Structures are given as C-alpha cells and as structure tokens.
Amino acid sequence: MQLQGRTAIVTGAAQGIGAAVARAFADSGARVCAVDLTLERVEALADRLRAGGAEAIGIGCDVSRRDQVDAMVTATHQHFGRVDILINNAGITRPAMLHKMTEAQWDEVMAVHLKGSFNCLQAVAPGMMERRYGRIVNVTSTAGILGTIGQINYSAAKAGVVGLTMSAAKELAKYGIVVNAIAPGAATPMTETIRTDARFKEKYLERIPMGRWAEPEEIAPVFVFFASDAASYVTGQVLAADGGMTIR
Ligand SMILES: NC(=O)c1ccc[n+]([C@@H]2O[C@H](COP(=O)([O-])OP(=O)(O)OC[C@H]3O[C@@H](n4cnc5c(N)ncnc54)[C@H](O)[C@@H]3O)[C@@H](O)[C@H]2O)c1
C-alpha cells in the first residue's frame with residue numbers, strides 16, 4: 001500500500017494507461033479522482049474502484065480549459081481535502097504530415113498535452129506548496145524524445161512536456177514536490193492503428209527491442225513509484241517504459 005492516505009488526480013482516466021494507473025493507485029491505497037472528458041465514463045470507473053474498496057470519484061473535465069481544470073481541482077479539494085499526486089496523462093493525436101497539417105490539428109494537440117499539463121500543474125501546485133508535499137507525473141513520449149514522422153504537433157508537445165517537467169521540478173523542489181515524466185509504450189486505443197494496421201504493425205514492432213507491446217497494467221507500477229514516497233529524491237527525470245524503444 002505504497003500510496004496509503006494519499007489523494008491522486010489522474011487525467012485521461014477513462015481508458016488506456018490512465019485507467020490502469022487509476023486502478024493501480026486505488027490498489028496501492030490512494031484516494032483517486034478520475035478525470036476525463038466524459039463524466040459517465042469516469043463515474044463508471046470510480047464505481048468499480050469503490051466496489052473494490054477504494055475511495056474514488058469521477059469528474060468530467062477538459063484539461064485544455066482552464067476554468068474546467070480549476071473547478072475540477074476545487075471539487076477534488078472539497079471531496080478529499082487535499083491533492084498529493086497529479087498524473088498529467090490526458091492525450092490525443094491528430095496525425096498528418098507536416099505539409100498537410102492544419103492549424104487546428106496543431107492547436108488541438110498543443111492545447112491538450114502542453115497547456116492541459118500546465119493548467120493542471122498550476123492548479124494543484126499552491127496546495128502542494130502549502131503542505132510541502134507533492135508528486136507530479138507528466139506523460140511524454142518516444143516521439144518527444146526521438147522525433148517521429150507524421151505527428152510533428154504531438155512530438156513538439158511531448159518535447160514541451162519534458163521542458164515543463166524539468167522547469168517545474170527546479171521551481172518546486174524546495175517545497176518537497178517532485179516532478180517527473182514517463183515515456184510509455186502500451187497497447188491502448190491510442191495505439192490501435194499502429195498495432196493492428198498492416199501498413200504499420202511490423203514496422204513499429206521492429207522498433208521495440210522487446211518485440212511486443214505492453215499492456216497498460218505493465219506500465220502502471222512505474223507511475224506508482226514516481227507517485228510514492230520512494231521517489232522523494234528523484235525529480236526532473238524522464239523514465240521510458242517503452243520496451244527499449246528509446247535506447248540510443
Ligand atoms: N499508448 C502509448 O503507447 C503511448 C506512448 C507514448 C505516450 N503516450 C501518452 O500516454 C497518455 C495516455 O495515452 P493512452 O495510450 O492511454 O491514450 P488513450 O487515447 O487510450 O487515452 C487517453 C485518454 O485521454 C482522454 N482525453 C483526451 N483529451 C482530453 C482532455 N482534453 N481532457 C481530459 N481528458 C482527455 C481521452 O478521452 C482518453 O480517455 C497520453 O498522454 C499519450 O500521449 C501513450
């Protein structure tokens with residue numbers, strides 16, 4: 001029960017990695033606020049977590065909207081009294097080659113990944129600074145570390161998340177708040193096309209030294225580590241849980 005007594009906000013919790021992280025946190029003793037665009041989906045997850053004996057709530061919120069993020073963090077404080085852990089996991093992709101990418105595709109991806117992570121970080125930071133305790137985990141990507149083809153928006157946003165992580169880590173270190181990032185690789189709805197479409201499937205698998213995709217549950221324990229007291233002297237780091245894709 002590494003997270004006993006802690007309260008965690010997990011964004012993008014309705015499916016994929018976020019849902020697995022919310023379940024792992026609940027299993028580790030945390031009180032969980034599951035956040036996603038559709039209230040019904042996170043309420044259903046919170047119901048399942050409560051049925052398993054955890055304390056959990058679901059809140060509908062678009063992380064790119066500052067007003068919604070502020071309301072979500074206020075509601076979490078009202079319900080649980082504090083926020084100890086923030087997982088900035090919500091994400092989208094809007095793939096297109098550079099010469100075909102629209103301004104809207106660029107803006108949407110930046111808004112969710114980069115502004116969304118900033119919004120949530122800035123909203124939870126004052127409470128954490130006051131209590132001199134915090135664990136923030138941002139989610140970056142191989143694309144933000146090595147670059148990629150057909151997703152310059154996503155790659156740039158995820159590289160931005162690394163900068164956000166390092167700067168926040170430096171600013172918040174003296175308050176007992178650690179800020180780290182994970183670059184995951186997992187079989188989720190987001191990766192469905194590259195895992196199943198014959199045009200991409202083999203090419204992507206060849207890029208993973210382990211030769212397979214992880215299930216989100218295999219990635220979740222890495223989030224538990226960064227969210228736990230065990231990470232008290234680890235900050236500003238990017239850890240890839242990607243089967244070796246980023247080995248250079
Ligand atoms: N799956 C992978 O291999 C992989 C690799 C690298 C990075 N990532 C990153 O991991 C994170 C989770 O990815 P996943 O694979 O589980 O994706 P997913 O598409 O399965 O889940 C993402 C969730 O985020 C939610 N979301 C999207 N926009 C939102 C918004 N504005 N506000 C609130 N919630 C929003 C979606 O509704 C969805 O439930 C993302 O940040 C993604 O970029 C995933």
Side-chain angles (χ1 to χ4, degrees), residues 2-3 6-12 17-18 21 25 30 33 35 61 63-66 69-70 72-74 76-77 82-91 109-148 152-185 219-242 245-248:
Q2 282 168 281
L3 307 180
R6 302 289 181 203
T7 297
I9 291 173
V10 182
T11 72
I17 293 169
V21 169
F25 280 15
C33 172
V35 173
C61 166
V63 297
S64 70
R65 293 276 306 275
R66 186 54 196 241
V69 168
D70 285 344
M72 177 274 287
V73 171
T74 300
T76 310
H77 274 112
R82 56 199 281 172
V83 177
D84 304 297
I85 300 161
L86 166 68
I87 309 300
N88 268 325
N89 168 78
V109 168
M110 286 294 159
V112 175
H113 290 279
L114 199 45
K115 188 175 171 201
S117 296
F118 168 73
N119 282 343
C120 295
L121 171 64
Q122 204 181 35
V124 301
M128 290 180 175
M129 289 162 77
E130 208 176 292
R131 286 190 311 282
R132 306 191 83 78
Y133 184 92
R135 297 283 181 271
I136 291 158
V137 185
N138 297 319
V139 181
T140 182
S141 166
T142 311
I145 298 166
L146 301 179
T148 190
I152 200 165
N153 49 359
Y154 181 80
S155 172
K158 288 304 202 187
V161 166
V162 174
L164 181 90
T165 301
M166 294 190 296
S167 296
K170 286 189 175 182
E171 279 196 29
L172 298 173
K174 61 177 178 288
Y175 299 100
I177 302 168
V178 302
V179 189
N180 292 290
I182 295 172
I219 308 292
V222 184
F223 285 78
V224 173
F225 164 70
F226 277 131
S228 75
D229 289 352
S232 58
Y233 203 58
V234 183
T235 198
Q237 302 304 304
V238 179
L239 194 151
D242 64 354
M245 250 174 122
T246 40
I247 296 171
R248 283 182 263 198

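Keep in mind that this is a model prediction, so the values were computed, not measured. All values below come from the heavy atoms of this structure, side chains included, with hydrogens, waters and symmetry mates left out.
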Please identify each residue that fulfils side chain to side chain contact (heavy atoms under 4.5 Å, CB included) with Val63, with sequence neighbours left out. Thr11, Val69, Ala90, Val112, Cys120
Those residues that, when tested against Gln237, pass side chain to side chain contact (heavy atoms under 4.5 Å, CB included) (two or more places apart): Asn180, Val234
Say you draw a straight line from [atom1] of [X] to [atom2] of [Y]; how long is it, rounded to the nearest 0.5 Å?
{"X": "Met245", "Y": "Ile247", "atom1": "CE", "atom2": "CD1", "value": "11.5 Å"}
{"X": "Thr246", "Y": "Ile145", "atom1": "OG1", "atom2": "CD1", "value": "5.5 Å"}
{"X": "Ile177", "Y": "Ile85", "atom1": "CD1", "atom2": "CD1", "value": "12.5 Å"}
{"X": "Met129", "Y": "Glu171", "atom1": "CE", "atom2": "CD", "value": "8.0 Å"}
{"X": "Ile9", "Y": "Asn89", "atom1": "CD1", "atom2": "CG", "value": "13.0 Å"}
{"X": "Tyr154", "Y": "Thr148", "atom1": "OH", "atom2": "OG1", "value": "9.5 Å"}

Which pair of heavy atoms, one from [X] and one from [Y], lies closest together, and at what distance?
{"X": "Leu3", "Y": "Ala227", "value": "CD2-O, 3.5 Å"}
{"X": "Ala156", "Y": "Met110", "value": "CB-CE, 3.6 Å"}
{"X": "Phe25", "Y": "Ala8", "value": "CD2-CB, 3.6 Å"}
{"X": "Gly144", "Y": "Ala159", "value": "O-CB, 3.5 Å"}
{"X": "Val222", "Y": "Ala241", "value": "CG2-CB, 4.2 Å"}
{"X": "Ser64", "Y": "Ala111", "value": "CB-O, 3.3 Å"}

Spell out, as yes or no, whether a donor-acceptor pair under 3.5 Å connects the side chain of [X] to the backbone of [Y].
{"X": "Thr235", "Y": "Val179", "value": "yes"}
{"X": "Ser155", "Y": "Ala143", "value": "yes"}
{"X": "Arg135", "Y": "Ile87", "value": "no"}

Any residue meeting side chain to side chain donor-acceptor pair (under 3.5 Å) with Asp229, in chain and number order, not counting sequence neighbours: Arg6, Tyr133
Residues in side chain to side chain donor-acceptor pair (under 3.5 Å) with Ser228, at least two apart? none
Contacts of type salt bridge (Lys or Arg N to Asp or Glu O under 4.0 Å), residue Arg131, not counting sequence neighbours: none
Quick one: which residue pairs count as a side-chain hydrogen bond (donor to acceptor under 3.5 Å, both in side chains) with a foot in residues 113-129, not counting sequence neighbours? Arg66-Gln122, His113-Lys158
Heavy-atom side-chain contact between Val83 and His77 under 4.5 Å: yes
Hey, are the side chains of Leu172 and Leu121 touching, using non-hydrogen atoms and a 4.5 Å cut-off? yes
Check against side chain to side chain contact (heavy atoms under 4.5 Å, CB included), Val161 and Leu114: CA-CA 6 Å; Val161 166; Leu114 199 45; 4.2 Å; yes
Please say which of Thr140, Asn138, Thr165 ends up in a side-chain hydrogen bond (donor to acceptor under 3.5 Å, both in side chains) with Asn88. Asn138
